[in-house]
Amino acid sequence: MKTKQLLAALVVALVSTASALAHGEVELGPNGGRLVEFGESNPIHAEFVVKDGNFVIGLYDEEARKEIPVADQELTVIERSSGTKLTIEKKDGKWSLPKPAGKDFWLVLQLRDKPGAKAKNARLHYDETICPECSAQEWICKCTEMNKPKK
């Protein structure tokens, strides 16, 4: 009898884990883009939005509500599979960089608060596969957001 209960609990845990991993617990920013968190204490958030074939990246405070204009901060972005460092431009208080070719890739990110400061690292998985539940691309899938309790 205990074996059946244990197996049932294991199945429930596996299904819950698979569901959470499928959408990667994506956080969406104020503009509907993907949020990436840099740092553990007082983290800075970067919101990635695709516009006209480019990533437009804005910085936000630890609650991802107040925009922080890009000034002395330095961002390095590397496309993981090729190791290519992407060219970034500062424009209107944000960063802009061409979206790499492909529909599924990883970006490795390094943010420095100022030149010479210690880098804070993050990763972004870009995946254009369409989510069957919300019809958004997986990298900005809203399913996790929709199922969160309202504050």
Side-chain angles (χ1 to χ4, degrees), residues 10 13-151:
L10 183 59
L14 287 173
V15 169
S16 298
T17 302
S19 176
L21 292 175
H23 297 295
E25 298 297 325
V26 170
E27 287 185 74
L28 300 180
N31 300 304
R34 172 78 175 268
L35 283 178
V36 176
E37 188 174 291
F38 291 95
E40 292 181 16
S41 63
N42 302 319
I44 293 177
H45 290 84
E47 181 183 26
F48 282 71
V49 176
V50 175
K51 185 175 182 180
D52 300 326
N54 293 311
F55 280 118
V56 177
I57 307 161
L59 290 180
Y60 290 85
D61 65 2
E62 63 190 58
E63 295 176 3
R65 292 191 182 147
K66 182 179 177 191
E67 189 168 358
I68 302 168
V70 172
D72 292 335
Q73 302 94 336
E74 293 181 346
L75 181 67
T76 303
V77 179
I78 298 169
E79 197 280 318
R80 189 174 77 178
S81 66
S82 68
T84 303
K85 183 177 176 181
L86 304 177
T87 303
I88 302 171
E89 296 179 20
K90 288 183 184 179
K91 189 177 185 180
D92 301 324
K94 298 181 184 209
W95 287 297
S96 177
L97 63 124
K99 184 182 85 57
K103 296 181 181 218
D104 189 350
F105 53 84
W106 282 87
L107 298 177
V108 177
L109 314 162
Q110 288 187 332
L111 177 67
R112 295 179 192 281
D113 294 329
K114 59 185 177 184
K118 184 177 177 181
K120 299 174 185 175
N121 301 313
R123 292 185 302 257
L124 170 73
H125 182 207
Y126 179 86
D127 180 2
E128 290 182 3
T129 304
I130 301 298
C131 172
E133 294 177 43
C134 69
S135 299
Q137 293 178 347
E138 285 289 347
W139 81 285
I140 54 170
C141 174
K142 298 173 186 82
C143 292
T144 302
E145 288 291 312
M146 291 187 318
N147 295 325
K148 284 184 181 176
K150 303 272 186 208
K151 290 185 178 179

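As the structure is a prediction and not an experimental result, all values here were calculated from the model.
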Side chains of [X] and [Y] in contact at under 4.5 Å (non-hydrogen atoms):
X      : Y      : value
His125 : Asp104 : yes
Trp106 : Pro100 : no
Val36  : Leu107 : no

Measure the spacing between [atom1] of [X] and [atom2] of [Y] and express it to the nearest 0.5 Å.
X      : Y      : atom1 : atom2 : value
Ile140 : Asp127 : CD1   : CG    : 11.0 Å
Leu35  : Leu28  : CG    : CG    : 7.0 Å
Lys142 : Glu133 : NZ    : CD    : 13.0 Å
Lys66  : Tyr60  : NZ    : OH    : 12.5 Å
Leu75  : Ile88  : CG    : CD1   : 4.0 Å

What pairs of donor and acceptor atoms, side-chain ones from residues 109-116 against any protein atom, are under 3.5 angstrom apart with sequence neighbours left out?
residue: Gln110; atom: NE2; partner: Asn121; partner atom: OD1; Å: 3.4
residue: Arg112; atom: NH1; partner: Ala117; partner atom: O; Å: 2.6
residue: Asp113; atom: OD2; partner: Lys120; partner atom: NZ; Å: 3.3

Could I get the full list of side chain to side chain donor-acceptor pair (under 3.5 Å) partners for Thr76, not counting sequence neighbours?
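None.
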Can you name the residues that form a side chain to side chain donor-acceptor pair (under 3.5 Å) with Gln137, not counting sequence neighbours?
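Partners of Gln137 under the side chain to side chain donor-acceptor pair (under 3.5 Å) test: Trp139.
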Taking all non-hydrogen atoms of both residues, which atom of [X] and which atom of [Y] are closest, and how far apart?
X      : Y      : answer
Ile57  : Ala46  : CG2-CB, 3.9 Å
Pro132 : Glu138 : CD-OE2, 4.4 Å
Cys141 : Ala136 : CA-CB, 4.1 Å

Applying ring-ring contact (aromatic ring centres under 6.0 Å, His included) as the test, list every pair that has at least one member in residues 79-98; sequence neighbours left out.
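For residues 79-98: none.
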Not counting sequence neighbours, list each pair that qualifies as a salt bridge (charged side-chain N to carboxylate O under 4.0 Å, His left out) and has a residue in residues 75-96.
Glu67-Lys94
Sequence-distant partners of Glu63, salt bridge (Lys or Arg N to Asp or Glu O under 4.0 Å), two or more places apart
Arg65
Is the ring centre of Phe48 less than 6.0 Å from the ring centre of Tyr126?
no
Show, in sequence, the C-alpha distance, side-chain angles and deciding distance for Val50 and Phe55, and conclude whether the side-chain contact (heavy atoms from CB on, under 4.5 Å) test is met.
CA-CA 5 Å; Val50 175; Phe55 280 118; 3.6 Å; yes
Give a yes or no answer on whether the side chain of Glu47 reaches the backbone of Asn31 with a donor-acceptor pair at less than 3.5 Å.
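Side chain of Glu47 to backbone of Asn31, a donor-acceptor pair under 3.5 Å: yes, one is there.
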